[in-house]
There are 2 protein chains.
Amino acid sequence: MIFGFDKGELKILLIERNEEPYKDWLALPGYFVEQQESIDEAAARILYELTGLRGIFMEQFHTFGEVKRHPQGRVITVAYFAMIRLSGAKELKPVTNYAKKAFWHPVESLPELAFDHSVIFNKALQKIKRKIAYQPIAFELLPEKFTLTQLQTLYEAVLNKKLDKRNFRKKMLNYGILKELDEKQKGVSYRAAKLYKFDKRKYAKLFKNELSF
Amino acid sequence: MIFGFDKGELKILLIERNEEPYKDWLALPGYFVEQQESIDEAAARILYELTGLRGIFMEQFHTFGEVKRHPQGRVITVAYFAMIRLSGAKELKPVTNYAKKAFWHPVESLPELAFDHSVIFNKALQKIKRKIAYQPIAFELLPEKFTLTQLQTLYEAVLNKKLDKRNFRKKMLNYGILKELDEKQKGVSYRAAKLYKFDKRKYAKLFKNELSF
DNA sequence: TTCACTTAGTGTACAAAGTACAATATTAAT
DNA sequence: ATTAATATTGTACTTTGTACACTAAGTGAA
(Lines give C-alpha, C1' and ligand atoms only; values in the text may rest on other atoms or scores of the structure.)
Protein backbone atom coordinates (compact mmCIF):
# COMPACT_ATOMS: atom_id res chain seq x y z
CA MET A 1 0.00 0.00 0.00
CA ILE A 2 1.55 3.23 -1.13
CA PHE A 3 0.10 6.33 0.43
CA GLY A 4 0.52 9.77 -1.04
CA PHE A 5 -0.77 13.24 -0.34
CA ASP A 6 -1.97 15.70 -2.92
CA LYS A 7 -4.28 18.72 -2.94
CA GLY A 8 -5.13 18.28 0.71
CA GLU A 9 -6.17 14.67 0.28
CA LEU A 10 -4.62 11.43 1.38
CA LYS A 11 -4.41 9.02 -1.55
CA ILE A 12 -3.64 5.39 -2.13
CA LEU A 13 -2.03 3.80 -5.15
CA LEU A 14 -4.25 1.30 -6.96
CA ILE A 15 -3.91 -0.78 -10.07
CA GLU A 16 -6.45 -2.03 -12.53
CA ARG A 17 -5.95 -5.77 -12.88
CA ASN A 18 -5.31 -7.32 -16.25
CA GLU A 19 -5.53 -10.96 -15.18
CA GLU A 20 -8.14 -13.36 -13.93
CA PRO A 21 -9.45 -13.62 -11.30
CA TYR A 22 -10.90 -10.18 -10.71
CA LYS A 23 -9.79 -9.03 -14.16
CA ASP A 24 -10.57 -5.31 -14.60
CA TRP A 25 -11.12 -4.83 -10.88
CA LEU A 26 -9.21 -2.34 -8.85
CA ALA A 27 -6.69 -3.81 -6.46
CA LEU A 28 -3.71 -3.00 -4.31
CA PRO A 29 -0.47 -3.59 -6.20
CA GLY A 30 0.82 -7.07 -5.45
CA TYR A 31 2.12 -10.29 -6.93
CA PHE A 32 4.03 -13.46 -6.11
CA VAL A 33 7.36 -13.85 -4.33
CA GLU A 34 10.07 -15.60 -6.34
CA GLN A 35 12.22 -18.41 -4.94
CA GLN A 36 15.43 -16.43 -4.91
CA GLU A 37 14.36 -13.13 -3.40
CA SER A 38 13.47 -12.10 0.12
CA ILE A 39 9.96 -10.86 0.77
CA ASP A 40 11.30 -7.32 1.19
CA GLU A 41 12.94 -7.57 -2.22
CA ALA A 42 9.79 -9.00 -3.73
CA ALA A 43 7.74 -6.10 -2.42
CA ALA A 44 10.12 -3.61 -4.03
CA ARG A 45 10.28 -5.51 -7.32
CA ILE A 46 6.54 -5.93 -7.62
CA LEU A 47 5.89 -2.30 -6.87
CA TYR A 48 8.26 -1.40 -9.67
CA GLU A 49 6.73 -3.82 -12.13
CA LEU A 50 3.21 -2.65 -11.49
CA THR A 51 3.78 1.07 -11.22
CA GLY A 52 7.27 1.97 -12.40
CA LEU A 53 8.11 3.34 -8.94
CA ARG A 54 11.53 2.48 -7.51
CA GLY A 55 13.56 2.97 -4.38
CA ILE A 56 10.68 3.47 -2.00
CA PHE A 57 11.24 2.28 1.54
CA MET A 58 8.37 0.07 2.57
CA GLU A 59 7.62 -1.13 6.04
CA GLN A 60 6.16 -4.56 6.64
CA PHE A 61 2.68 -4.30 7.96
CA HIS A 62 0.75 -7.53 8.40
CA THR A 63 0.41 -11.01 6.90
CA PHE A 64 -2.96 -12.29 5.77
CA GLY A 65 -3.39 -16.04 5.82
CA GLU A 66 -7.05 -17.01 5.72
CA VAL A 67 -7.63 -20.16 3.72
CA LYS A 68 -10.03 -18.85 1.09
CA ARG A 69 -8.57 -15.48 0.28
CA HIS A 70 -7.92 -16.33 -3.35
CA PRO A 71 -10.56 -18.15 -5.41
CA GLN A 72 -7.99 -20.29 -7.25
CA GLY A 73 -5.81 -21.58 -4.46
CA ARG A 74 -4.08 -20.96 -1.21
CA VAL A 75 -2.37 -17.57 -1.13
CA ILE A 76 -0.74 -15.94 1.86
CA THR A 77 -0.12 -12.23 1.48
CA VAL A 78 2.53 -10.23 3.27
CA ALA A 79 1.41 -6.62 3.13
CA TYR A 80 3.75 -3.64 3.19
CA PHE A 81 3.13 0.03 3.24
CA ALA A 82 4.98 3.22 2.41
CA MET A 83 4.32 6.91 2.29
CA ILE A 84 5.74 8.97 -0.52
CA ARG A 85 5.65 12.47 -1.83
CA LEU A 86 3.69 13.08 -4.97
CA SER A 87 5.68 16.12 -6.03
CA GLY A 88 6.36 16.30 -9.73
CA ALA A 89 3.60 13.81 -10.41
CA LYS A 90 5.86 10.91 -11.36
CA GLU A 91 4.48 8.93 -14.18
CA LEU A 92 2.91 5.66 -13.19
CA LYS A 93 3.51 3.07 -15.83
CA PRO A 94 3.24 -0.68 -15.35
CA VAL A 95 6.29 -2.53 -16.67
CA THR A 96 4.50 -5.88 -16.89
CA ASN A 97 1.05 -6.50 -18.24
CA TYR A 98 -0.40 -7.92 -15.01
CA ALA A 99 -1.76 -4.44 -14.47
CA LYS A 100 -3.47 -2.30 -17.07
CA LYS A 101 -2.67 0.90 -15.24
CA ALA A 102 -1.78 2.37 -11.90
CA PHE A 103 -3.24 5.55 -10.43
CA TRP A 104 -3.88 7.48 -7.23
CA HIS A 105 -7.25 7.35 -5.55
CA PRO A 106 -8.44 9.33 -2.49
CA VAL A 107 -8.67 7.09 0.56
CA GLU A 108 -12.15 8.36 1.27
CA SER A 109 -14.79 6.79 -0.94
CA LEU A 110 -12.65 3.92 -2.11
CA PRO A 111 -14.60 1.44 -4.26
CA GLU A 112 -14.62 -2.23 -3.37
CA LEU A 113 -11.30 -3.84 -4.23
CA ALA A 114 -10.38 -7.26 -5.56
CA PHE A 115 -9.86 -10.21 -3.17
CA ASP A 116 -9.82 -9.08 0.46
CA HIS A 117 -7.88 -5.96 -0.40
CA SER A 118 -10.49 -3.67 1.12
CA VAL A 119 -9.92 -5.38 4.47
CA ILE A 120 -6.18 -5.04 4.12
CA PHE A 121 -6.46 -1.41 3.17
CA ASN A 122 -8.70 -0.49 6.09
CA LYS A 123 -6.41 -2.13 8.56
CA ALA A 124 -3.47 -0.17 7.16
CA LEU A 125 -5.31 3.13 7.25
CA GLN A 126 -6.17 2.59 10.90
CA LYS A 127 -2.59 1.83 11.68
CA ILE A 128 -1.34 4.97 10.02
CA LYS A 129 -3.78 7.08 11.98
CA ARG A 130 -2.59 5.58 15.22
CA LYS A 131 1.02 5.91 14.28
CA ILE A 132 1.03 9.47 13.10
CA ALA A 133 -0.30 10.56 16.48
CA TYR A 134 2.87 9.66 18.32
CA GLN A 135 5.45 9.60 15.58
CA PRO A 136 5.99 12.23 12.90
CA ILE A 137 5.96 9.87 9.96
CA ALA A 138 4.06 12.26 7.78
CA PHE A 139 6.99 14.17 6.34
CA GLU A 140 7.55 11.55 3.72
CA LEU A 141 4.29 12.61 2.16
CA LEU A 142 5.28 16.22 1.59
CA PRO A 143 7.62 17.88 -0.87
CA GLU A 144 11.11 18.53 0.46
CA LYS A 145 10.31 22.12 1.36
CA PHE A 146 6.95 22.81 2.87
CA THR A 147 5.09 25.34 4.97
CA LEU A 148 3.67 24.65 8.39
CA THR A 149 0.19 25.11 7.02
CA GLN A 150 0.82 22.39 4.45
CA LEU A 151 2.05 20.10 7.17
CA GLN A 152 -1.00 20.82 9.25
CA THR A 153 -3.33 20.19 6.31
CA LEU A 154 -1.68 16.81 5.89
CA TYR A 155 -2.18 15.90 9.51
CA GLU A 156 -5.77 16.98 9.28
CA ALA A 157 -6.27 14.82 6.20
CA VAL A 158 -4.77 11.73 7.79
CA LEU A 159 -6.52 12.14 11.12
CA ASN A 160 -9.65 13.42 9.47
CA LYS A 161 -10.18 16.24 11.94
CA LYS A 162 -9.35 19.91 12.44
CA LEU A 163 -6.36 20.88 14.55
CA ASP A 164 -5.59 24.13 16.36
CA LYS A 165 -3.05 26.18 14.43
CA ARG A 166 -1.09 27.60 17.33
CA ASN A 167 -0.88 24.35 19.22
CA PHE A 168 0.07 22.41 16.12
CA ARG A 169 2.92 24.77 15.36
CA LYS A 170 4.15 24.75 18.92
CA LYS A 171 4.21 20.98 18.99
CA MET A 172 5.91 20.49 15.63
CA LEU A 173 8.58 23.08 16.30
CA ASN A 174 9.18 21.60 19.74
CA TYR A 175 9.97 18.20 18.28
CA GLY A 176 13.10 19.89 16.99
CA ILE A 177 13.07 17.99 13.73
CA LEU A 178 12.17 20.89 11.46
CA LYS A 179 14.78 23.11 9.91
CA GLU A 180 13.61 26.64 9.17
CA LEU A 181 14.82 27.79 5.76
CA ASP A 182 15.70 31.27 4.55
CA GLU A 183 13.13 30.92 1.86
CA LYS A 184 9.52 31.73 1.42
CA GLN A 185 6.69 30.30 -0.51
CA LYS A 186 6.36 31.70 -4.04
CA GLY A 187 3.52 32.28 -6.41
CA VAL A 188 0.79 32.85 -3.86
CA SER A 189 -1.37 35.94 -3.93
CA TYR A 190 -1.18 36.60 -0.21
CA ARG A 191 1.42 36.72 2.50
CA ALA A 192 4.02 34.06 1.71
CA ALA A 193 4.81 31.53 4.42
CA LYS A 194 8.24 30.40 5.57
CA LEU A 195 9.48 27.12 4.19
CA TYR A 196 10.75 24.29 6.37
CA LYS A 197 12.70 21.13 5.81
CA PHE A 198 12.48 17.87 7.66
CA ASP A 199 15.73 17.07 9.51
CA LYS A 200 16.24 13.33 9.13
CA ARG A 201 19.28 13.16 11.37
CA LYS A 202 17.51 14.68 14.33
CA TYR A 203 14.50 12.52 13.66
CA ALA A 204 16.66 9.40 13.72
CA LYS A 205 18.09 10.33 17.11
CA LEU A 206 14.66 10.95 18.55
CA PHE A 207 13.00 7.81 17.24
CA LYS A 208 15.88 5.40 16.95
CA ASN A 209 13.90 2.69 18.71
CA GLU A 210 10.90 2.98 16.49
CA LEU A 211 10.03 1.28 13.26
CA SER A 212 9.85 3.77 10.46
CA PHE A 213 12.65 4.90 8.14
CA MET B 1 6.93 -16.64 21.17
CA ILE B 2 5.18 -17.22 24.44
CA PHE B 3 6.24 -14.93 27.23
CA GLY B 4 5.60 -15.69 30.87
CA PHE B 5 6.50 -14.20 34.20
CA ASP B 6 7.67 -16.10 37.24
CA LYS B 7 9.69 -15.28 40.36
CA GLY B 8 10.30 -11.75 39.21
CA GLU B 9 11.71 -12.82 35.87
CA LEU B 10 10.39 -12.53 32.35
CA LYS B 11 10.61 -15.91 30.61
CA ILE B 12 10.23 -17.29 27.13
CA LEU B 13 8.97 -20.70 26.11
CA LEU B 14 11.54 -22.78 24.22
CA ILE B 15 11.60 -26.28 22.84
CA GLU B 16 14.43 -28.69 22.31
CA ARG B 17 14.29 -29.83 18.71
CA ASN B 18 14.02 -33.50 17.87
CA GLU B 19 14.46 -33.17 14.09
CA GLU B 20 17.18 -32.25 11.68
CA PRO B 21 18.34 -29.62 10.97
CA TYR B 22 19.42 -28.21 14.30
CA LYS B 23 18.46 -31.43 16.07
CA ASP B 24 18.94 -31.04 19.86
CA TRP B 25 19.18 -27.26 19.55
CA LEU B 26 16.91 -24.93 21.44
CA ALA B 27 14.38 -23.12 19.30
CA LEU B 28 11.21 -21.13 19.43
CA PRO B 29 8.17 -23.36 19.02
CA GLY B 30 7.13 -23.46 15.38
CA TYR B 31 6.23 -25.69 12.47
CA PHE B 32 4.56 -25.70 9.07
CA VAL B 33 1.17 -24.33 8.08
CA GLU B 34 -1.23 -26.88 6.60
CA GLN B 35 -3.21 -26.29 3.41
CA GLN B 36 -6.57 -26.15 5.12
CA GLU B 37 -5.91 -23.89 8.07
CA SER B 38 -5.37 -20.16 8.41
CA ILE B 39 -2.04 -18.97 9.72
CA ASP B 40 -3.71 -17.97 12.99
CA GLU B 41 -5.08 -21.48 13.35
CA ALA B 42 -1.72 -22.97 12.49
CA ALA B 43 -0.04 -20.91 15.20
CA ALA B 44 -2.50 -22.19 17.80
CA ARG B 45 -2.27 -25.79 16.64
CA ILE B 46 1.51 -25.84 16.55
CA LEU B 47 1.78 -24.32 19.96
CA TYR B 48 -0.47 -27.07 21.27
CA GLU B 49 1.46 -29.83 19.55
CA LEU B 50 4.80 -28.65 20.80
CA THR B 51 3.87 -27.67 24.33
CA GLY B 52 0.40 -28.94 25.20
CA LEU B 53 -0.79 -25.36 25.74
CA ARG B 54 -4.20 -24.45 24.35
CA GLY B 55 -6.49 -21.48 24.02
CA ILE B 56 -3.85 -18.80 24.20
CA PHE B 57 -4.54 -15.64 22.26
CA MET B 58 -1.56 -14.84 20.09
CA GLU B 59 -0.96 -11.63 18.25
CA GLN B 60 0.76 -11.62 14.90
CA PHE B 61 4.11 -9.98 15.11
CA HIS B 62 6.28 -10.06 12.00
CA THR B 63 7.04 -12.19 8.95
CA PHE B 64 10.58 -13.26 8.19
CA GLY B 65 11.32 -13.95 4.57
CA GLU B 66 15.04 -13.93 3.90
CA VAL B 67 16.04 -16.47 1.28
CA LYS B 68 18.50 -18.55 3.28
CA ARG B 69 16.81 -18.78 6.64
CA HIS B 70 16.49 -22.56 6.53
CA PRO B 71 19.42 -24.71 5.38
CA GLN B 72 17.20 -27.15 3.51
CA GLY B 73 14.93 -24.90 1.50
CA ARG B 74 12.94 -21.76 1.28
CA VAL B 75 10.94 -21.13 4.46
CA ILE B 76 8.96 -18.02 5.30
CA THR B 77 8.05 -17.68 8.96
CA VAL B 78 5.10 -15.75 10.32
CA ALA B 79 5.92 -15.05 13.96
CA TYR B 80 3.32 -14.59 16.68
CA PHE B 81 3.60 -13.73 20.29
CA ALA B 82 1.53 -14.07 23.42
CA MET B 83 1.85 -13.35 27.10
CA ILE B 84 0.45 -15.80 29.59
CA ARG B 85 0.30 -16.33 33.30
CA LEU B 86 2.42 -19.10 34.70
CA SER B 87 0.22 -19.69 37.72
CA GLY B 88 -0.16 -23.33 38.64
CA ALA B 89 2.87 -24.22 36.56
CA LYS B 90 0.96 -25.95 33.79
CA GLU B 91 2.69 -29.01 32.57
CA LEU B 92 4.48 -28.58 29.28
CA LYS B 93 4.32 -31.74 27.26
CA PRO B 94 4.86 -32.01 23.53
CA VAL B 95 2.09 -33.94 21.80
CA THR B 96 4.17 -34.67 18.71
CA ASN B 97 7.76 -35.81 18.62
CA TYR B 98 9.09 -32.85 16.67
CA ALA B 99 10.10 -31.50 20.06
CA LYS B 100 11.80 -33.45 22.81
CA LYS B 101 10.59 -31.10 25.47
CA ALA B 102 9.32 -27.60 26.15
CA PHE B 103 10.39 -25.39 29.03
CA TRP B 104 10.62 -21.81 30.28
CA HIS B 105 13.87 -19.90 30.03
CA PRO B 106 14.65 -16.42 31.41
CA VAL B 107 14.87 -13.88 28.60
CA GLU B 108 18.16 -12.62 29.95
CA SER B 109 21.09 -14.88 29.08
CA LEU B 110 19.29 -16.78 26.35
CA PRO B 111 21.60 -19.21 24.54
CA GLU B 112 21.90 -19.11 20.76
CA LEU B 113 18.81 -20.55 19.14
CA ALA B 114 18.29 -22.64 16.02
CA PHE B 115 17.87 -20.98 12.60
CA ASP B 116 17.48 -17.19 12.94
CA HIS B 117 15.34 -17.56 16.02
CA SER B 118 17.62 -15.38 18.12
CA VAL B 119 16.97 -12.53 15.70
CA ILE B 120 13.24 -13.11 15.84
CA PHE B 121 13.26 -13.27 19.60
CA ASN B 122 15.21 -10.06 20.05
CA LYS B 123 12.91 -8.18 17.75
CA ALA B 124 9.91 -9.38 19.73
CA LEU B 125 11.44 -8.47 23.08
CA GLN B 126 12.09 -4.95 21.83
CA LYS B 127 8.54 -4.63 20.65
CA ILE B 128 7.14 -5.72 23.99
CA LYS B 129 9.25 -3.17 25.81
CA ARG B 130 7.97 -0.42 23.58
CA LYS B 131 4.44 -1.58 23.80
CA ILE B 132 4.15 -2.00 27.53
CA ALA B 133 5.15 1.63 27.98
CA TYR B 134 1.95 2.95 26.46
CA GLN B 135 -0.42 0.05 26.76
CA PRO B 136 -1.02 -2.06 29.86
CA ILE B 137 -0.58 -5.41 28.18
CA ALA B 138 1.24 -6.87 31.14
CA PHE B 139 -1.77 -8.12 33.07
CA GLU B 140 -1.89 -11.28 31.04
CA LEU B 141 1.35 -12.30 32.66
CA LEU B 142 0.05 -12.19 36.23
CA PRO B 143 -2.31 -14.44 38.16
CA GLU B 144 -5.91 -13.29 38.22
CA LYS B 145 -5.53 -11.58 41.57
CA PHE B 146 -2.35 -9.69 42.19
CA THR B 147 -0.87 -6.97 44.36
CA LEU B 148 0.39 -3.67 43.07
CA THR B 149 3.88 -4.63 44.09
CA GLN B 150 3.69 -7.76 41.95
CA LEU B 151 2.52 -5.68 39.04
CA GLN B 152 5.36 -3.25 39.54
CA THR B 153 7.90 -6.06 39.75
CA LEU B 154 6.62 -7.32 36.43
CA TYR B 155 6.98 -3.92 34.79
CA GLU B 156 10.47 -3.63 36.18
CA ALA B 157 11.36 -7.04 34.79
CA VAL B 158 10.06 -6.26 31.33
CA LEU B 159 11.55 -2.80 31.15
CA ASN B 160 14.66 -3.87 32.98
CA LYS B 161 14.75 -0.82 35.25
CA LYS B 162 13.54 0.33 38.63
CA LEU B 163 10.35 2.34 38.89
CA ASP B 164 9.15 4.70 41.61
CA LYS B 165 6.54 3.05 43.83
CA ARG B 166 4.29 6.04 44.41
CA ASN B 167 4.29 7.17 40.81
CA PHE B 168 3.73 3.69 39.52
CA ARG B 169 0.70 3.19 41.76
CA LYS B 170 -0.72 6.57 40.90
CA LYS B 171 -0.45 5.87 37.20
CA MET B 172 -1.87 2.36 37.30
CA LEU B 173 -4.81 3.33 39.49
CA ASN B 174 -5.48 6.34 37.29
CA TYR B 175 -5.88 4.15 34.22
CA GLY B 176 -9.07 2.97 35.89
CA ILE B 177 -8.64 -0.59 34.71
CA LEU B 178 -7.86 -2.15 38.09
CA LYS B 179 -10.60 -3.40 40.38
CA GLU B 180 -9.73 -3.31 44.05
CA LEU B 181 -10.84 -6.50 45.78
CA ASP B 182 -11.99 -7.06 49.36
CA GLU B 183 -9.23 -9.55 49.78
CA LYS B 184 -5.68 -9.51 50.96
CA GLN B 185 -2.61 -11.46 50.21
CA LYS B 186 -2.19 -14.61 52.32
CA GLY B 187 0.74 -16.57 53.61
CA VAL B 188 3.23 -13.76 53.83
CA SER B 189 5.15 -13.07 57.00
CA TYR B 190 4.61 -9.34 56.93
CA ARG B 191 1.82 -6.89 56.28
CA ALA B 192 -0.45 -8.37 53.62
CA ALA B 193 -1.16 -6.25 50.54
CA LYS B 194 -4.54 -5.63 48.92
CA LEU B 195 -5.36 -7.73 45.93
CA TYR B 196 -6.49 -6.29 42.60
CA LYS B 197 -8.09 -7.64 39.49
CA PHE B 198 -7.67 -6.49 35.92
CA ASP B 199 -10.93 -5.11 34.51
CA LYS B 200 -11.06 -6.28 30.90
CA ARG B 201 -14.21 -4.37 30.03
CA LYS B 202 -12.78 -1.03 31.03
CA TYR B 203 -9.56 -1.90 29.30
CA ALA B 204 -11.41 -2.65 26.10
CA LYS B 205 -13.12 0.73 26.17
CA LEU B 206 -9.87 2.55 26.73
CA PHE B 207 -7.84 0.73 24.11
CA LYS B 208 -10.46 -0.29 21.61
CA ASN B 209 -8.38 0.97 18.73
CA GLU B 210 -5.28 -0.89 19.74
CA LEU B 211 -4.07 -4.33 18.86
CA SER B 212 -3.91 -6.53 21.94
CA PHE B 213 -6.62 -8.82 23.29
C1' DT C 1 2.85 -7.91 75.52
C1' DT C 2 6.33 -5.73 73.51
C1' DC C 3 9.71 -5.08 70.16
C1' DA C 4 11.95 -5.66 65.85
C1' DC C 5 11.42 -6.46 61.20
C1' DT C 6 9.44 -6.30 56.72
C1' DT C 7 6.58 -4.64 53.30
C1' DA C 8 2.27 -1.71 52.33
C1' DG C 9 0.62 2.51 51.62
C1' DT C 10 0.50 7.50 51.03
C1' DG C 11 1.23 13.34 49.39
C1' DT C 12 3.37 17.37 47.80
C1' DA C 13 6.01 20.43 45.02
C1' DC C 14 7.76 20.99 40.61
C1' DA C 15 8.34 20.32 35.55
C1' DA C 16 6.66 19.12 31.11
C1' DA C 17 3.19 18.60 27.82
C1' DG C 18 -1.34 19.41 26.06
C1' DT C 19 -5.43 22.55 25.22
C1' DA C 20 -8.46 26.49 24.49
C1' DC C 21 -8.68 30.72 22.57
C1' DA C 22 -8.10 35.83 19.06
C1' DA C 23 -5.49 39.67 17.70
C1' DT C 24 -1.81 41.61 14.75
C1' DA C 25 1.46 41.24 10.67
C1' DT C 26 2.49 40.66 5.93
C1' DT C 27 1.82 40.47 1.15
C1' DA C 28 -0.64 40.74 -3.29
C1' DA C 29 -4.09 42.63 -5.94
C1' DT C 30 -7.06 46.36 -6.93
C1' DA D 1 -4.70 53.58 0.08
C1' DT D 2 -7.69 49.91 0.67
C1' DT D 3 -9.13 45.22 0.67
C1' DA D 4 -8.58 40.44 1.06
C1' DA D 5 -6.26 36.48 2.23
C1' DT D 6 -3.26 33.89 4.94
C1' DA D 7 0.88 33.91 8.33
C1' DT D 8 2.37 34.43 12.71
C1' DT D 9 2.35 34.83 17.62
C1' DG D 10 1.25 34.21 23.51
C1' DT D 11 -1.08 33.35 27.69
C1' DA D 12 -3.76 31.07 31.10
C1' DC D 13 -5.22 26.76 32.38
C1' DT D 14 -5.35 21.66 32.77
C1' DT D 15 -3.28 17.33 32.67
C1' DT D 16 0.41 14.33 33.10
C1' DG D 17 4.88 12.98 34.60
C1' DT D 18 8.61 13.00 38.13
C1' DA D 19 11.40 13.34 42.30
C1' DC D 20 11.39 12.30 46.82
C1' DA D 21 10.67 9.90 52.48
C1' DC D 22 7.83 8.96 56.03
C1' DT D 23 4.02 6.39 58.60
C1' DA D 24 0.96 2.17 58.94
C1' DA D 25 0.07 -2.57 59.42
C1' DG D 26 0.96 -7.19 60.15
C1' DT D 27 4.18 -11.11 61.54
C1' DG D 28 7.09 -13.51 64.49
C1' DA D 29 10.29 -13.90 68.16
C1' DA D 30 11.59 -12.83 72.87
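As a basis for the values below, the full set of heavy atoms in this structure was taken, side chains included, without hydrogen atoms, waters or symmetry mates. We name chains A, B, ... by the order of the sequence lines, and we start the count at 1 in each one.
Remark: Lys101(A) NZ is loosely packed, at most 12 non-hydrogen atoms of other residues, nucleotides or ligands lying under 6.0 Å away.
Remark on DNA chain C: of its neighbouring residues Asn167(B) and Asn174(A), the 5'-side contact belongs to Asn167(B), judged by nearest-heavy-atom nucleotide.
For the residue pair Tyr48(B) / Arg54(B), a side-chain donor-acceptor distance below 3.5 Å is found, with atom types taken as modelled.
Side-chain nitrogen and oxygen atoms of Thr149(A) include at least one within less than 4.0 Å of the OP1 or OP2 phosphate oxygen of dA7(D). Taking 4.0 angstrom as the limit, Lys184(A) places a side-chain polar atom (N or O) nearer than this to OP1 or OP2 of dT27(C). The side chain of Arg169(A) contributes an N or O atom lying less than 4.0 Å from OP1 or OP2 of dT8(D).
A straight line from NZ of Lys165(A) to P of dA22(C) spans 14 Å, rounded to a whole angstrom. One atom, CG of Leu181(A), and another, C1' of dA7(D), lie 16 Å apart when rounded to the nearest Å.
One can find a donor-acceptor pair under 3.5 Å joining the base of dA7(D) and the side-chain atoms of Arg191(A). Looking at Lys170(B), its side chain has no donor and acceptor atom pair within 3.5 Å of the base of dT16(D).
One distance of note links CG of Leu141(A) with OH of Tyr155(A); it measures 9.5 Å at 0.5 Å rounding.
Applying the salt bridge (Lys or Arg N to Asp or Glu O under 4.0 Å) criterion to Lys162(A), with sequence neighbours excluded, gives Glu156(A).
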